[in-house]
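Just so we're clear, the structure is a prediction, and the values are computed from it rather than from any experiment.
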Amino acid sequence: MAMALETQFHVLAVDDSLIDRMLIERLLKTSSFNVTTVDSATKALKFLGLVEDELRNFESSVASEIHQDVVDVNLIITDYCMPGMTGYDLLRKIKESKSLKNIPVVIMSSENVPSRINRCLEEGAEEFFLKPVQQADVNKLKPHLMKSKSKEENEESLKNKRKDMEEIYSPNKTRLRCSS
């Protein structure tokens, strides 16, 4: 029963190192997760439906959100140090996105730099793993996945309640009047 429950979780793994990507993918699949791997933060953003605008507004890039219905990712695990956009930059973009901010993000790095670890955790990372990632680390992901899933269910429940209330109290609805 527990095994069937875990297979519904989809993890996006981001790492520029092929060996590290293969390792994390194998560990996650051993734990019955559905895994998608990409080799850069930019590709992760594209996969998630976020793209960098080509136009620069006041010398800063603006992320525009595209239909998020397509991808259902329950957790993102990313390397910290990657060429181009770092894992920290990816974390910030995800947490700034209205549609993605509730997805748990885990950062991994081969460098044990306390200030870097604290910065990532303060910015919203759920965990910070030191490489090489081990099965015990992967086991720490399950509570974050459950928390993510319950947030999604609560949000869906709220949407349904709002919809029901709107239908009940819609000004277009006519109410039956009691004739006395």
Asker: Output all residues satisfying side chain to side chain contact (heavy atoms under 4.5 Å, CB included) with Ile19, sequence neighbours left out; order by chain, then residue number.
Answerer: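 With neighbours one apart ignored, the set is Ser17.
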
Asker: Heavy-atom distance under 4.5 Å between the side chains of Tyr80 and Arg119, does that happen here?
Answerer: yes

Asker: Starting at CG of Asp79, measure out to OG of Ser40 and round the result to the nearest 0.5 Å.
Answerer: 11.5 Å

Asker: Checking side-chain contact (heavy atoms from CB on, under 4.5 Å) between Phe129 and each of Val138, Ile24, Leu141, Ile117, which is the one that passes?
Answerer: Leu141

Asker: Should the ring pair Phe47 and His10 be called parallel, tilted or perpendicular, given that the plane angle runs from 0 to 90° and is split at 30 and 60?
Answerer: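 Plane angle over 60°, so perpendicular.
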
Asker: Using side chain to side chain contact (heavy atoms under 4.5 Å, CB included) as the criterion, list what pairs up with Glu25, not counting sequence neighbours.
Answerer: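 Here the qualifying residues are Lys29, Val35, Thr37.
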
Asker: Please name the residue in the list Val11, Ile94, Val106 that meets the side-chain contact (heavy atoms from CB on, under 4.5 Å) test with Ile76.
Answerer: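 For Ile76, the side-chain contact (heavy atoms from CB on, under 4.5 Å) check succeeds only for Ile94.
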
Asker: Per the salt bridge (charged side-chain N to carboxylate O under 4.0 Å, His left out) rule, what does the pair list look like for residues 36-45, sequence neighbours excluded?
Answerer: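 Qualifying pairs, neighbours excluded: Asp39-Lys43.
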
Asker: Side-chain heavy atoms under 4.5 Å apart, restricted to Ile/Leu/Val/Met/Phe/Trp/Tyr: what other residues fall into the cluster of Met22, or is it alone?
Answerer: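 For the cluster that includes Met22, the remaining residues are Leu18.
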
Asker: Can you sort out the partners of Asp16 under side-chain hydrogen bond (donor to acceptor under 3.5 Å, both in side chains), two or more places apart, ordered by chain and number?
Answerer: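 Partners of Asp16 by the side-chain hydrogen bond (donor to acceptor under 3.5 Å, both in side chains) criterion come out as none, since no residue qualifies.
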
Asker: Taking the side chain as every heavy atom from C-beta outward, state whether Phe128 and Met108 have any atom pair closer than 4.5 Å.
Answerer: no

Asker: What's the spacing between Ile107 CD1 and Glu123 CD if we round to 0.5 Å?
Answerer: 10.0 Å

Asker: Could you check if a side-chain atom of Tyr88 sits within less than 4.5 angstrom of a side-chain atom of Lys93, using non-hydrogen atoms only?
Answerer: no

Asker: Please walk me through it: do Gln135 and Thr30 pass side chain to side chain contact (heavy atoms under 4.5 Å, CB included)?
Answerer: CA-CA 9 Å; Gln135 192 63 49; Thr30 299; 4.1 Å; yes

Asker: Taking only residues two or more places apart in sequence, or in another chain, which ones meet Arg92 in a side-chain hydrogen bond (donor to acceptor under 3.5 Å, both in side chains)?
Answerer: none

Asker: How long is the gap from CG on Asp20 to CD1 on Ile77, to the nearest 0.5 Å?
Answerer: 10.5 Å

Asker: For Lys131 and Asp15, run salt bridge (charged side-chain N to carboxylate O under 4.0 Å, His left out): C-alpha distance rounded to whole Å, both residues' side-chain angles, the deciding distance at 0.1 Å, then the answer.
Answerer: CA-CA 12 Å; Lys131 290 181 178 180; Asp15 201 316; 2.7 Å; yes

Asker: Sequence neighbours excluded, which residues qualify as side-chain hydrogen bond (donor to acceptor under 3.5 Å, both in side chains) partners of Gln134?
Answerer: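 Residues passing side-chain hydrogen bond (donor to acceptor under 3.5 Å, both in side chains) with Gln134: none at all.
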
Asker: What distance do Leu75 atom CG and Leu12 atom CG have between them, rounded to the nearest 0.5 Å?
Answerer: 9.0 Å

Asker: To the nearest 0.5 angstrom, please state how far the CZ atom of Phe9 sits from the CG atom of Leu28.
Answerer: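 Here the interatomic distance stands at 13.0 Å.
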
Asker: Taking Lys95 for the side chain and Ile103 for the main chain, is one N or O donor matched with an acceptor at less than 3.5 Å?
Answerer: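 Yes, Lys95 side chain to Ile103 backbone: donor-acceptor pair under 3.5 Å.
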
Asker: Who are the side-chain hydrogen bond (donor to acceptor under 3.5 Å, both in side chains) partners of Ser110, not counting sequence neighbours?
Answerer: none

Asker: In Å, rounded to the nearest 0.5 Å, how long is the span from CG of Leu45 to CG of Leu50?
Answerer: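 Output value for this atom pair is 5.5 Å.
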
Asker: Is Val14 linked to Leu130 within one hydrophobic cluster, defined over Ile, Leu, Val, Met, Phe, Trp and Tyr using a side-chain heavy-atom separation of less than 4.5 Å?
Answerer: yes

Asker: Output all residues satisfying side chain to side chain contact (heavy atoms under 4.5 Å, CB included) with Ala41, sequence neighbours left out; order by chain, then residue number.
Answerer: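 Counting only residues at least two positions away or on another chain, Ala41 forms a side chain to side chain contact (heavy atoms under 4.5 Å, CB included) with Met82, Met85, Leu90.
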
Asker: Determine the minimum heavy-atom distance between Ser31 and Asn139, stating which atoms define it.
Answerer: OG-OD1, 4.2 Å

Asker: Apply salt bridge (Lys or Arg N to Asp or Glu O under 4.0 Å) to Arg116 and list each qualifying residue two or more places apart in sequence or on a separate chain.
Answerer: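 Only Glu111 meet the salt bridge (Lys or Arg N to Asp or Glu O under 4.0 Å) criterion with Arg116.
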
Asker: After noting the C-alpha distance and the side-chain angles of Asp89 and Thr86, does the key distance pass the side chain to side chain donor-acceptor pair (under 3.5 Å) rule?
Answerer: CA-CA 5 Å; Asp89 296 331; Thr86 67; 3.2 Å; yes

Asker: Quick one: closest heavy-atom pair of Leu91 and Ala125, and the distance?
Answerer: CD1-N, 3.8 Å

Asker: Taking only residues two or more places apart in sequence or in another chain, which ones pass side chain to side chain contact (heavy atoms under 4.5 Å, CB included) with Leu23?
Answerer: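 If we apply the side chain to side chain contact (heavy atoms under 4.5 Å, CB included) test to Leu23, skipping adjacent residues, the hits are Arg26, Leu27, Pro132.
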
